[in-house]
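Computed from heavy atoms alone, side chains included, the values below leave out hydrogens, waters and symmetry copies. Just so it is clear, the structure is predicted and the values come from calculations on it, not from any experiment. Numbering starts at 1 and runs along the sequence shown.
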Amino acid sequence: MAGEFGNPEIVEEEVDILLIGGGMANCGAAYEVIRWADAAAAESGVNLKIRLVDKAAMDRSGAVAQGLSAINTYIGTEQDPADYARMVSNDLMGITRDDLAYDLGRHVDDSVHLFEEWGLPIWKTDENGERHDGSKGLPALKDGGKPVRSGKWQIMINGESYKWIVAEAAKKALGMDRIEERIFIVKLVNDKNDKNRIAGAVGFSTREHKLYVYKAKTILLAAGGCVNIFRPRSVGEGTGRAWYPVWNAGSTYAMAAEAGAELTMMENRFVPARFKDGYGPVGAWFLLFKAQAVNSNGEVYMQKNKEMLNDYPPYGQAAVPASCLRNHLMLKEMKEGRGPIYMDTVTALAKLKETLSPREVKHLEAEAWEDFLDMCVGQCGIWVGENVEPEKKNSELMPTEPYLLGSHSGCCGIWTSGPTDVGAPTTEDHAEKDKIPAYLPQGWNWGYRGMTTVKGLFTAGDGVGASGHKFSSGSHAEGRMAAKAMVKYCVDNKDMKPELDTDTATLVEEIYKPVRTFLEFKDYTTAIDVNPNYITPKMLQFRLQKIMDEYVAGVATYYTTNEKMLQVAQEKLDMLKEDAMKMRAKDLHELLRAWENYHRILTAEAHLQHILFRQESRYPGFYYRMDKNFVDEQNWKCFVNSVYDKDTKKWNCFKRKHYDLVDKSKLFKPAAH
């Protein structure tokens with residue numbers, strides 16, 4: 001029977017492997033899983049049923065939706081995975097999982113080689129060292145082709161169709177009969193016989209009146225990071241303009257937390273400095289065009305304020321100081337009245353003209369625009385609308401509102417099991433180890449690569465905490481690693497039958513609550529949006545953003561907060577959580593918005609609780625606890641982890657010990673004697 005609004009058709013399905021999300025991580029998983037599933041069928045006769053479910057459509061899903069002009073993580077021949085682990089660690093102020101970063105470093109290039117094989121054009125240099133875009137037939141990377149590097153780790157691409165190309169390969173490998181698009185998974189369900197095991201997931205179609213209940217042995221939760229929990233700088237018609245994809249609603253973190261998974265480093269956030277208003281990328285300008293950022297007097301503030309970096313040893317002393325510290329130096333200029341901050345595009349392009357051939361100059365000027373057309377078309381609109389020609393007029397830079405993510409220059413996410421062959425600790429050995437709940441695993445690996453602390457629940461990409469700088473290629477590679485481990489998990493547990501701990505009727509009522517609320521009360525008032533019995537998802541989101549912006553170190557306070565402000569925010573969030581139960585959904589689109597907001601509130605709360613627990617300001621330039629405005633290497637160079645109890649609705653934060661698995665001293669300038 002076809003469903004109707006308020007009375008959806010229920011679709012129940014049982015699978016072995018459920019992939020949630022259609023971004024780079026699950027495109028990697030979709031490509032890889034079939035190879036291992038076929039091998040498992042041949043070897044042990046286990047035929048695995050696999051399903052990928054995406055809220056949107058895979059071709060333009062995830063953070064790479066609009067395209068990219070560079071692949072940010074490619075190791076190549078110049079560096080090795082240990083160098084990569086060092087860079088990741090320093091950029092995130094010393095607290096990352098070297099095992100996860102190193103493991104990624106040794107696998108990521110294989111994904112990049114596949115992208116090129118599938119048709120992604122990658123820039124190369126010819127035998128004379130001249131740069132060419134991907135249209136000139138130079139040797140492939142895997143055959144010794146030399147990529148055009150913009151910085152140590154990035155390689156330039158013609159990437160408008162990057163996601164399209166990667167998704168096509170994923171769909172071809174998995175087969176369209178195994179993929180369901182336009183279905184928003186909103187809740188994971190634990191196993192009736194073991195509350196620390198995953199058993200399924202539930203969601204709804206954003207196009208039809210259908211509700212989906214999946215039973216699954218194993219789930220890969222890779223639904224991106226979190227955007228729009230802080231009030232954005234863009235208002236009015238610009239509301240919703242953001243640097244990271246607006247459909248990333250913290251679903252990965254919130255659903256994992258409710259399922260009982262251990263989170264890590266949720267205090268970490270990324271505040272990118274980007275071209276003002278359009279959030280256009282700056283990487284190519286800094287790294288490829290060698291442009292410098294200046295204050296309104298034309299002074300290069302990174303040089304002017306470089307003494308400030310000495311307050312944060314050793315992270316300020318690296319050849320490339322941590323991202324947050326670069327913001328820290330910029331914010332000084334803004335707070336002391338020397339804004340606006342500009343990207344000096346004029347000088348950079350003039351200097352390049354002195355050394356490059358006319359052909360290369362023409363190509364670079366085109367790239368100045370294509371950089372945006374590839375990945376942030378709104379920035380072109382701003383340049384055109386404000387009469388900006390980058391060779392004649394400089395453009396403003398601005399730090400954005402905060403974002404929570406685990407694959408870019410941030411490392412919040414879920415605590416996951418790493419590789420077993422790189423010397424990672426397998427026990428807990430520190431003064432506060434007794435505060436870690438006893439049922440959680442010790443150490444950094446406990447079975448399957450990419451598995452969370454909940455049996456059968458895996459994650460990748462933005463979901464994996466304590467290991468940033470994966471970007472697009474790394475997220476793809478991580479999805480592939482997880483897929484391989486999930487097949488092994490299914491083979492090892494081939495006789496296990498998942499049983500949901502909640503019956504279908506209860507799940508349906510829970511998911512459709514905003515619809516029921518609307519239908520019950522819609523006739524109480526004549527104006528549909530004004531009603532004492534419900535709140536619209538849009539208004540609820542405004543409330544959440546106001547709380548986070550004003551109390552939890554958003555742009556309103558120049559990213560500052562303190563213990564008292566955080567406590568006020570928690571009180572307000574508690575009330576917001578109560579009111580969230582009264583969100584309405586007048587149609588399927590609003591039901592989507594209601595559940596996204598529910599996920600955002602939980603993610604926001606995790607972020608707040610972690611900042612409150614960590615008694616220091618670990619990321620100056622991203623946030624400042626003004627009552628603890630220092631980095632405390634002695635007591636807080638550790639992971640802050642947490643678990644959430646969905647029954648009591650309380651968070652439990654605790655420390656885990658940090659270890660260096662690679663020698664970090666190589667990164668830093670030798671100390672002056």
Quiz prompt | CA sep, side-chain torsions, deciding dist, call: F622, S323, side-chain contact (heavy atoms from CB on, under 4.5 Å) | solution = CA-CA 9 Å; F622 290 170; S323 293; 3.9 Å; yes
Kindly indicate, with the supporting measurements, whether the criterion side-chain contact (heavy atoms from CB on, under 4.5 Å) is fulfilled by Y214 and V202. CA-CA 6 Å; Y214 297 97; V202 56; over 6 Å; no
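- Between K195 and D191 there is no salt bridge, since no side-chain nitrogen of the basic residue lies less than 4.0 Å from a carboxylate oxygen of the acidic one.
- Here the closest heavy-atom approach between residue T459 and residue T452 is recorded as CG2-CG2, 4.1 Å.
- Looking at E550 and K546, a side-chain N of the basic residue comes within less than 4.0 Å of a carboxylate O on the acidic one, giving a salt bridge.
- A salt bridge links R86 with D83; the closest basic N to acidic carboxylate O contact falls under 4.0 Å.
- H658 has its ring centre no less than 6.0 Å from the ring centre of W636.
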Practice prompt. Carefully, step by step, assess D16 and K217 under the rule salt bridge (charged side-chain N to carboxylate O under 4.0 Å, His left out).
Written response: CA-CA 5 Å; D16 295 289; K217 261 185 195 162; 3.7 Å; yes
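- Atom NZ in K564 sits 6.0 Å away from atom CD in Q567 (nearest 0.5 Å).
- Side-chain contact check for C653 versus H610: some heavy-atom pair is nearer than 4.5 Å.
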Report task. Under the side-chain contact (heavy atoms from CB on, under 4.5 Å) rule, what do F204 and V186 come out as? Steps first, then yes or no, please. Result -> CA-CA 8 Å; F204 59 91; V186 299; 3.8 Å; yes
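- For K577, the NZ atom is densely surrounded, since the number of other residues' heavy atoms within 6.0 Å is greater than 12.
- Checked by atom type, the side-chain pair Y315/E633 shows a donor-acceptor distance below 3.5 Å.
- The residues E258 and K646 are annotated as not salt-bridged, no charged nitrogen and carboxylate oxygen being separated by less than 4.0 angstrom.
- S89 places no side-chain N or O within 3.5 Å of a backbone atom of A85 that could act as its donor or acceptor partner.
- Between E401 and R269 there is no salt bridge, since no side-chain N of the basic residue sits under 4.0 Å from a carboxylate O of the acidic one.
- Aromatic pair F270/W243: ring centres closer than 6.0 Å.
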Item to complete: Show the numbers, then the answer: is there a side-chain contact (heavy atoms from CB on, under 4.5 Å) between I229 and Y403?
Response: CA-CA 8 Å; I229 54 173; Y403 304 96; over 6 Å; no
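- Across every non-hydrogen atom of W247 and G62, the tightest pair is CZ2-O, 3.2 Å.
- With ring centers used as reference points, H328 lies under 6.0 Å from Y312.
- The local environment of NZ in K657 is crowded, with over 12 non-hydrogen atoms from other residues, nucleotides or ligands closer than 6.0 Å.
- The ring of W415 has its center closer than 6.0 angstrom to the ring center of F639.
- Across every non-hydrogen atom of H430 and I436, the tightest pair is NE2-CD1, 3.8 Å.
- Between L325 and P620, the closest side-chain pair of non-hydrogen atoms falls below 4.5 Å.
- Note on R106 versus D103: salt bridge recorded, some NZ/NE/NH1/NH2 to OD/OE distance being below 4.0 Å.
- Taking CG of D579 as the reference point, atom CG of L544 lies at 12.5 Å (rounded to 0.5 Å).
- The residues K215 and E499 are annotated as not salt-bridged, no charged nitrogen and carboxylate oxygen being separated by less than 4.0 angstrom.
- With hydrogens and angles ignored, the 3.5 Å screen pairs no side-chain donor or acceptor of W444 with any backbone N or O of R97.
- No side-chain heavy atom of V640 sits under 4.5 Å from any side-chain heavy atom of T264.
- Listed here is the closest heavy atom pair of A483 and A29: CB-O, 3.6 Å.
- Judged by distance alone, the side chain of D194 and the main-chain N or O of N196 form a donor-acceptor pair under 3.5 Å.
- A salt bridge links K55 to E596: at least one charged side-chain nitrogen sits closer than 4.0 Å to a carboxylate oxygen.
- The pair E428-R656 counts as a salt bridge, with a side-chain nitrogen and a carboxylate oxygen less than 4.0 angstrom apart.
- H599 and F184 have perpendicular rings, their planes meeting at more than 60° on a 0 to 90° scale where under 30° would count as parallel.
- For the residue pair D462/Y244, the side-chain donor-acceptor check at 3.5 Å is satisfied.
- Across all non-hydrogen atoms, the minimal contact from D91 to P321 is OD1-O, 4.2 Å.
- Donor-acceptor pairing under 3.5 Å is lacking for the side chains of N327 and Y559.
- None of K484, R480, H476 except one satisfies the side chain to side chain donor-acceptor pair (under 3.5 Å) rule with E32; the exception is R480.
- For N445 and S417, the side-chain atoms include no donor-acceptor pair closer than 3.5 Å.
- Aromatic ring centroids of Y84 and H469 lie 6.0 Å or more apart.
- Ion pairing of E267 with R618 is absent here, as no side-chain N (NZ or NE/NH1/NH2) approaches a carboxylate O to less than 4.0 Å.
- For E563 and K628, the salt-bridge test fails: no basic side-chain N is under 4.0 Å from an acidic carboxylate O.
- D663 and S665 share a side-chain donor-acceptor pair at under 3.5 Å.
- With contacts defined as side-chain heavy-atom distances shorter than 4.5 Å, the pair M583/N597 qualifies.
- Contact check on K664 versus D98 returns a salt bridge, with a Lys/Arg side-chain nitrogen under 4.0 Å from an Asp/Glu carboxylate oxygen.
- Within a 6.0 Å sphere centred on NZ of K572, other residues, nucleotides and ligands contribute 12 heavy atoms or fewer.
- To the nearest 0.5 angstrom, L608 atom CG is 5.5 Å from Q570 atom CD.
- Under the side chain to side chain contact (heavy atoms under 4.5 Å, CB included) rule, F458 has a single partner from I414, L220, L221, which is L220.
- Atom NZ of K335 sits in a crowded spot, with more than 12 heavy atoms from other residues, nucleotides or ligands closer than 6.0 Å.
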